[in-house]
Amino acid sequence: MITFVGHVSKDVNVVSGERKVMRGGGVVMGSIAASLLGVRSKVVTKCSKEDVPYFSFLKNFGIEVIFLDSPKTTSIENRYSNEPDKRESFLISAADPFTKDDLEYVTGEVVHVNPLWFGEFPEDLIPILRKKVNFLSADAQGFLRVPENGKLVYKKWKRVEYLRFFDLFKMDAKESAVLTGTDDLRESCKIVYSHGVKLVLVTHGNGVIVFNGMFFEAPFEGWTMEGRTGRGDTCTAAFLVAYLFKKMNLEETTKFSAKITSLKMKHPGPLKREDVEAFLKDEQC
């Protein structure tokens, strides 16, 4: 089982001037991808009682969902340019941060921490969670994206010593530049790896890079800007499924995660069941 920890979100995505309200949050995108790929999934999240029905559709995918109560639900507006690695995000509302007591609901050997903003999953919870699980991964977004006057602004993470607690750390091109101070994706991977991360995963406009002392790369194919939201979350989930559960080697895992992410980016919202079924059928032929 993979447990995804983070806020669900009422996303407002603005692409080419068109606004669409979507069910969002990395835990939504990731858990659906993992479940469709055949791995039992669990989500530990926070939202208002009024919004629980809005996100209960996750249970239709066989996902176990723990809704922890919060006065508000996180809502984020994402405004996209014509470049997939550039967007502006605004925090409309925020659910309460996770606490130490909330970690009792986090179970399973594999856990992915997927916060949407800095402070949602406080840093001091990382070493506590590390002791509970065999494999711990995280998304850089929740440690670099800081709420500031209503906007989510990227700032360098001051506590990079916490990187050593992660087996896998995922970044996109912008996050890697902010965290490491270089636009060179390969050099950025090396810097993060030097802090003790066992596997570094980077998504960028053209594809996926994985580093564990050696580099593995695979391209994205046939994506759309409307499908950009959830790219990294889907890629991470596909990676965890392929590497930890399907027991693929890193070269195979990288290619698999890029292919699954490409399927998701053909359309807005999470990965679609019919796309996965068609893909897996073709793979067996």
Side-chain angles (χ1 to χ4, degrees), residues 1-8 25-27 30-31 34 39-46 64-70 74 94-147 152 154-172 175-176 178-181 188-202 210-213 232-233 235-237 239-241 243-245:
M1 181 174 73
I2 304 176
T3 299
F4 297 84
V5 183
H7 287 172
V8 290
V27 297
S31 63
V39 172
R40 191 159 63 95
S41 301
K42 178 179 179 179
V43 168
V44 178
T45 190
K46 288 195 171 187
E64 179 186 354
V65 188
I66 304 295
F67 289 105
L68 302 175
D69 190 32
S70 170
T74 293
D96 288 344
F98 290 94
T99 67
K100 182 179 178 180
D101 290 341
D102 296 332
L103 296 184
E104 69 176 278
Y105 299 99
V106 181
T107 56
E109 295 185 346
V110 180
V111 173
H112 181 57
V113 179
N114 207 164
L116 298 171
W117 47 274
F118 180 76
E120 176 185 325
F121 191 89
E123 300 153 312
D124 59 2
L125 298 184
I126 296 172
I128 299 172
L129 182 56
R130 171 75 268 184
K131 295 177 181 179
K132 289 171 59 75
V133 303
N134 288 345
F135 191 99
L136 181 61
S137 64
D139 194 296
Q141 178 174 258
F143 304 102
L144 301 178
R145 214 162 62 150
V146 181
L152 290 170
Y154 286 86
K155 294 188 177 182
K156 188 170 183 177
W157 192 14
K158 296 179 180 179
R159 305 299 300 274
V160 291
E161 65 268 22
Y162 282 106
L163 285 169
R164 65 187 174 88
F165 291 107
F166 296 116
D167 296 291
L168 172 70
F169 194 72
K170 180 267 164 189
M171 309 178 288
D172 65 17
E175 292 160 353
S176 68
V178 171
L179 182 60
T180 64
S188 181
C189 287
K190 292 177 181 178
I191 293 171
V192 173
Y193 183 76
S194 72
H195 288 288
V197 177
K198 297 180 179 65
L199 287 162
V200 182
L201 188 157
V202 177
V210 174
F211 183 69
N212 74 332
D233 309 313
C235 189
T236 304
F239 185 96
L240 293 173
V241 168
Y243 188 62
L244 298 177
F245 295 88

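These values consider heavy atoms only, across backbone and side chains, with no hydrogens, waters or symmetry-generated copies. What you see is a predicted model, and the numbers here were worked out from it, not measured in a lab. Just so you know, residue 1 is the first one in the sequence shown, and it goes up from there.
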Would you say the side chain of [Y] lies within less than 4.5 Å of the side chain of [X], judging by non-hydrogen atoms?
| X | Y | answer |
| --- | --- | --- |
| Leu152 | Phe118 | no |
| His112 | Asp139 | yes |
| Phe98 | Glu120 | yes |
| Tyr154 | Arg145 | yes |
| Val202 | Cys189 | yes |

Between atom [atom1] of [X] and atom [atom2] of [Y], what is the distance when rounded to the nearest 0.5 Å?
| X | Y | atom1 | atom2 | value |
| --- | --- | --- | --- | --- |
| Asp102 | Lys100 | CG | NZ | 12.5 Å |
| Asn114 | Phe121 | CG | CZ | 11.5 Å |
| Arg130 | Leu136 | CZ | CG | 5.0 Å |
| Lys198 | Phe169 | NZ | CZ | 14.0 Å |
| Thr107 | Ile66 | OG1 | CD1 | 7.5 Å |
| Asp172 | Gln141 | CG | CD | 7.5 Å |

Say whether, by atom type as modelled, one donor and one acceptor occur between the side chain of [X] and the main chain of [Y] under 3.5 angstrom.
| X | Y | value |
| --- | --- | --- |
| Arg159 | Leu163 | no |
| Asn212 | Leu199 | no |
| Thr3 | Lys42 | no |
| Glu175 | Leu144 | no |
| Thr45 | Phe67 | no |

If I compare all heavy atoms of [X] with all of [Y], which pair ends up nearest, and what's the gap?
| X | Y | result |
| --- | --- | --- |
| Asp96 | Lys46 | O-CD, 3.3 Å |
| Phe166 | Ser137 | CD2-C, 4.1 Å |
| Ala34 | Phe4 | CB-CZ, 4.0 Å |
| Leu103 | Leu129 | CD1-N, 4.2 Å |
| Phe245 | Leu240 | CD1-O, 3.6 Å |
| Lys170 | Thr236 | CG-OG1, 3.2 Å |

Look at the rings of Trp157 and Phe143 and say which category their plane angle falls in: under 30° parallel, 30 to 60° tilted, over 60° perpendicular.
parallel

Are there more than 12 heavy atoms of other residues, nucleotides or ligands under 6.0 Å from atom CD of Glu109?
no

For residues Ser31 and Ser41, is any side-chain donor paired with an opposing acceptor at under 3.5 Å?
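Side chains of Ser31 and Ser41: no pair found under 3.5 Å.
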
Given Val241 and Ile2, is the side-chain contact (heavy atoms from CB on, under 4.5 Å) satisfied, shown in steps?
CA-CA 9 Å; Val241 168; Ile2 304 176; 4.2 Å; yes

